[in-house]
Amino acid sequence: MKIGVLGTGNMADALATHWVRAGHEVFVGGRDERKAQLLATRIGGGAGHGSLHAAADFGEVVLAALPYGVGADVVREVQATLSGKVLLDCANPVGPGFRLLTEGGPSAAVRIAAAAPGARVIKAFNLCHEDVWRMTPPVFDGQPLAVPVCGDDEAAVALAYELVRDVGCAPVAGGGLERAGLLEATAALFIGLWVEEQADARAIAPPLAYATGPKTESV
């Protein structure tokens, strides 16, 4: 598929590299077109580069790899070219002290959706550091990393699932876009555990087989 990338940072680099290797056509767009050119060259695979508008126009799927503070503004600028397209948001609205910056208001993903009302917005790829996404593939103890996906459009979710698999991960249904705020809050919690407490976030939940406690044999 054709994938437009809004942004030239680490997340754009990590995800787009996988997608080019999987055979997708990628076009990188940025305010600084020189940075877009450098990233496209690094990604390889004939990736194109140019302006944000050009990237939004190119992709049938568009990745908004943008910081929370500017994401909605950038998407608003190119909203006319996003109508009907799948728009992936991977931003984490996490501030100093691992505080959720959207607390008391709409999630980052819902703000993106409001900025581009014609787009089919998906929340995904926000729970891990960019260097985790650079792994080929992200597999731990023999198990692929699971990636929750939130969205309201079934066809858009299906495309997102395909892109998750192309990164070497396993997609997991996260519910509708109204649940994107839960993913963002989870990221704030996990980042705090990892960075401040040096704690293994996986240890805070039991394995699936024990999700409702130990199994007891019926008498």
Side-chain angles (χ1 to χ4, degrees), residues 1-68 70-75 77-79 81-82 84-92 108-109 112 116 119-139 144-151 156-171 180 183 187:
M1 69 184 78
K2 291 185 175 181
I3 303 172
V5 178
L6 305 179
T8 58
N10 289 326
M11 286 297 290
D13 185 353
L15 294 174
T17 297
H18 281 289
W19 294 335
V20 163
R21 289 172 180 164
H24 300 297
E25 298 178 62
V26 170
F27 188 104
V28 180
R31 290 197 190 282
D32 186 331
E33 294 190 31
R34 173 61 177 163
K35 289 184 179 179
Q37 180 183 15
L38 290 172
L39 178 54
T41 299
R42 186 160 63 251
I43 290 170
H49 60 85
S51 68
L52 292 165
H53 281 87
D57 184 60
F58 175 85
E60 56 190 290
V61 174
V62 178
L63 171 69
L66 302 161
Y68 166 66
V70 301
D73 291 337
V74 169
V75 166
E77 291 178 25
V78 299
Q79 63 169 307
T81 58
L82 292 173
K85 297 186 177 186
V86 178
L87 181 59
L88 288 172
D89 170 44
C90 63
N92 274 329
I112 289 285
R120 298 178 289 162
V121 176
I122 296 289
K123 186 77 184 190
F125 298 110
N126 73 303
L127 291 183
C128 297
H129 189 276
E130 60 265 15
D131 285 340
V132 173
W133 302 121
R134 286 192 173 102
M135 294 174 66
T136 53
V139 173
L145 182 70
V147 179
V149 176
C150 291
V157 169
L159 284 177
Y161 277 19
E162 179 180 344
L163 293 176
V164 168
R165 294 188 184 101
D166 287 338
V167 176
C169 299
L183 276 186

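Scanning both residues, Ala12 and Gly7, for their nearest heavy atoms gives CB-O, 3.4 Å. Closest non-hydrogen pair, Gly29 versus Leu52, comes out as O-CD2, 3.5 Å. The two atoms that bring Val20 and Gly45 nearest to each other are CG1-CA, 3.5 Å, heavy atoms only. Between Lys123 and Ala91 the shortest heavy-atom distance is NZ-O, 2.6 Å. The nearest pair of heavy atoms linking Ala36 to Val28 is CB-O, 3.7 Å. Scanning all heavy atoms of the two residues, the minimum distance from Ala56 to Thr81 falls at CB-OG1, 3.2 Å.
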Exercise. Do Arg21 and Asp166 pass the salt bridge (charged side-chain N to carboxylate O under 4.0 Å, His left out) test, and can you show the C-alpha distance, the side-chain angles, and the key distance before you say yes or no?
Worked result: CA-CA 9 Å; Arg21 289 172 180 164; Asp166 287 338; over 6 Å; no
Problem set entry | side-chain contact (heavy atoms from CB on, under 4.5 Å) between Phe125 and Cys169, intermediate numbers included | CA-CA 10 Å; Phe125 298 110; Cys169 299; 5.8 Å; no
Exercise. So Trp133 and Thr17, side-chain contact (heavy atoms from CB on, under 4.5 Å) or not? Walk me through it.
Worked result: CA-CA 10 Å; Trp133 302 121; Thr17 297; over 6 Å; no
Problem set entry | Audit row: Glu60, His24, side-chain contact (heavy atoms from CB on, under 4.5 Å) steps and yes/no | CA-CA 11 Å; Glu60 56 190 290; His24 300 297; over 6 Å; no
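Under the rule for a side chain to side chain contact (heavy atoms under 4.5 Å, CB included), the partners of Ala156 that lie at least two apart in sequence or sit in another chain are Val86, Arg120, Ile122, Asp153. Applying the side chain to side chain contact (heavy atoms under 4.5 Å, CB included) test to Asn92 and every residue at least two apart in sequence or in another chain returns Val94, Asn126, Ala187, Ile191. Residues forming a side chain to side chain contact (heavy atoms under 4.5 Å, CB included) with Ala158 (at least two apart in sequence, or on another chain): none.
Using a 4.5 Å heavy-atom threshold, the side chains of His18 and Arg134 count as separate. No side-chain heavy atom of Arg34 sits less than 4.5 Å from a side-chain heavy atom of His49. Side-chain contact between Val5 and Val26: present, with at least one pair of heavy atoms (C-beta onward) separated by less than 4.5 Å. Within the 4.5 Å cutoff, no side-chain heavy atoms of Phe27 are placed close to those of Ile3. Using a 4.5 Å heavy-atom threshold, the side chains of Glu25 and Phe58 count as touching. The side-chain heavy atoms of Gln37 and Arg42, taken from C-beta on, include no pair separated by under 4.5 Å. The closest side-chain heavy-atom distance from Pro171 to Val147 is not below 4.5 Å. Leu63 places none of its side-chain heavy atoms less than 4.5 Å from the side chain of Leu163.
Put simply, CG on Leu87 and CD1 on Ile112 are 6.0 Å apart, with the number rounded to the nearest 0.5 Å.
Panel note: side chain Lys85, backbone Asp57; a donor-acceptor pair is recorded below 3.5 Å. Judged by distance alone, with hydrogens and angles left aside, the side-chain atoms of Glu130 form no donor-acceptor pair with the main-chain N or O of Met11 at under 3.5 Å.
Checked options Asp32, Leu66, Leu39; the residue passing with Thr8 is Leu39 (criterion: side-chain contact (heavy atoms from CB on, under 4.5 Å)).
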